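Here is the structure we will look at.
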Amino acid sequence: QVQLVESGGGLVQAGGSLRLSCAASGRTFSGYAMGWFRQAPGKEREFVTAISGSGMSTYYADSVKGRFTISRDNAKNTVYLQMNSLKPEDTAVYYCAAKYGSNSLIRTPYDYWGQGTQVTVSS
């Protein structure tokens, strides 16, 4: 059981950067794989990126490769999403998610979700 709270969203011009944070409760944070998803207006929620519990493995959607970086600080129970070279198409509500003890970052469902933080990229 874990509670997740996202922060760091906001309004930024195209080409700019934002860093999102997701703070998690509990003492077993390192046991959770963490992911970022996003949902744009009128669209389905989509996978963005994920990181293993140790931070040694990451996976990125093609749409964000080379622009976004996921990282985590297990001592702070926090996962980050550094977003660079932002595009208007990145505008969405961004959600962090967690799953415990998974062998896959993308193939099994995420069990716990934050409330989301709005990212708006102006053109």
Side-chain angles (χ1 to χ4, degrees):
Q1 306 301 130
V2 62
Q3 294 186 78
L4 308 172
V5 180
E6 303 97 333
S7 63
L11 175 64
V12 65
Q13 292 183 333
S17 298
L18 283 173
R19 186 180 68 176
L20 307 184
S21 299
C22 177
S25 65
R27 297 174 59 216
T28 58
F29 181 65
S30 63
Y32 290 86
M34 300 294 298
W36 287 97
F37 294 73
R38 66 187 182 186
Q39 188 166 23
K43 297 187 179 295
E44 298 291 332
R45 185 178 297 181
E46 67 174 341
F47 172 82
V48 177
T49 182
I51 189 167
S52 62
S54 68
M56 296 298 294
S57 298
T58 59
Y59 191 90
Y60 295 90
D62 288 343
S63 59
V64 305
K65 285 180 180 177
R67 300 189 299 120
F68 290 11
T69 303
I70 189 170
S71 62
R72 67 192 296 160
D73 186 341
N74 286 344
K76 297 181 179 179
N77 278 23
T78 302
V79 63
Y80 304 96
L81 181 63
Q82 179 67 47
M83 304 184 293
N84 298 326
S85 301
L86 282 162
K87 305 174 180 179
E89 307 95 273
D90 296 317
T91 295
V93 177
Y94 283 71
Y95 300 89
C96 64
K99 55 184 176 181
Y100 190 83
S102 177
N103 291 324
S104 175
L105 298 179
I106 60 172
R107 293 172 186 165
T108 57
Y110 285 80
D111 303 308
Y112 308 101
W113 296 83
Q115 291 291 93
T117 186
Q118 177 71 50
V119 172
T120 303
V121 184
S122 62
S123 60

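Since the structure is predicted, the reported quantities are computational estimates derived from the model, not experimental observations.
Closest approach of R72 to I51, counting heavy atoms only: NH1-O, 3.7 Å. S17 approaches Q82 most closely through the heavy-atom pair CB-NE2, 4.0 Å. In plain terms, the two heavy atoms of S57 and L105 that are nearest each other are O-CD1, 3.9 Å. Summarising the geometry of T78 relative to S21, their closest heavy-atom pair is CG2-CB, 4.2 Å, with the distance given to 0.1 Å. Closest heavy-atom contact between A92 and R38: CB-CB, 3.7 Å. Closest approach of I106 to F47, counting heavy atoms only: CG2-CZ, 3.5 Å.
The backbone N or O of C96 sits nowhere less than 3.5 Å from a side-chain atom of Y110 that would complete a donor-acceptor pair. Side-chain atoms of Q13 do not come within 3.5 Å of backbone N or O of S122 as any donor-acceptor pair. When atom types are taken as modelled, the side chain of S25 and the backbone of V2 share no donor-acceptor pair closer than 3.5 angstrom. With R67 contributing its side chain and S63 its backbone, the two residues share a donor-acceptor pair below 3.5 Å.
Screening T117, L18, L20 against L81 for a side-chain contact (heavy atoms from CB on, under 4.5 Å) leaves a single residue, L20. Residue Y100 is tested with Y32, Y112, F29 for a ring pair (Phe, Tyr, Trp, His ring centres under 6.0 Å); the sole match is Y32.
For the atom pair CD (Q1) and OG1 (T28), the distance works out to 9.5 Å, reported to the nearest 0.5 Å. Of the inter-residue distances, the one linking K99 atom NZ with W113 atom CH2 reads 9.5 Å to the nearest 0.5 angstrom. Here E89 contributes atom CD and S123 contributes atom OG; the two are 9.5 Å apart, rounded to the nearest 0.5 Å. Between atom CD1 of residue I70 and atom OH of residue Y60 there is a gap of 6.5 Å, rounded to the nearest 0.5 Å.
Under the rule for a side-chain contact (heavy atoms from CB on, under 4.5 Å), the partners of S71 that lie at least two apart in sequence or sit in another chain are Y80. By the side-chain contact (heavy atoms from CB on, under 4.5 Å) test, S30 is found to be paired with N74, residues two or more places apart in sequence or in another chain being considered.
A 6.0 Å sphere centred on CD of Q118 holds more than 12 heavy atoms belonging to other residues, nucleotides or ligands. Other residues, nucleotides and ligands place more than 12 heavy atoms under 6.0 Å from the CD atom of Q39.
Taking a cutoff of 4.0 Å between a charged side-chain nitrogen and a carboxylate oxygen, K65 and D62 qualify as a salt bridge.
V48 and V121 fall within a single hydrophobic cluster, where Ile, Leu, Val, Met, Phe, Trp and Tyr are joined by side-chain heavy atoms under 4.5 Å apart, directly or via other members.
Using a 4.5 Å heavy-atom threshold, the side chains of W36 and F68 count as separate. For the pair M83 and D90, the minimum side-chain heavy-atom distance is 4.5 Å or more. Side-chain contact check for Y95 versus L4: every heavy-atom pair is 4.5 Å or farther apart.
Among residues at least two apart or in separate chains, there is no disulfide bond (SG atoms under 2.5 Å apart) pair with a member in residues 47-91.
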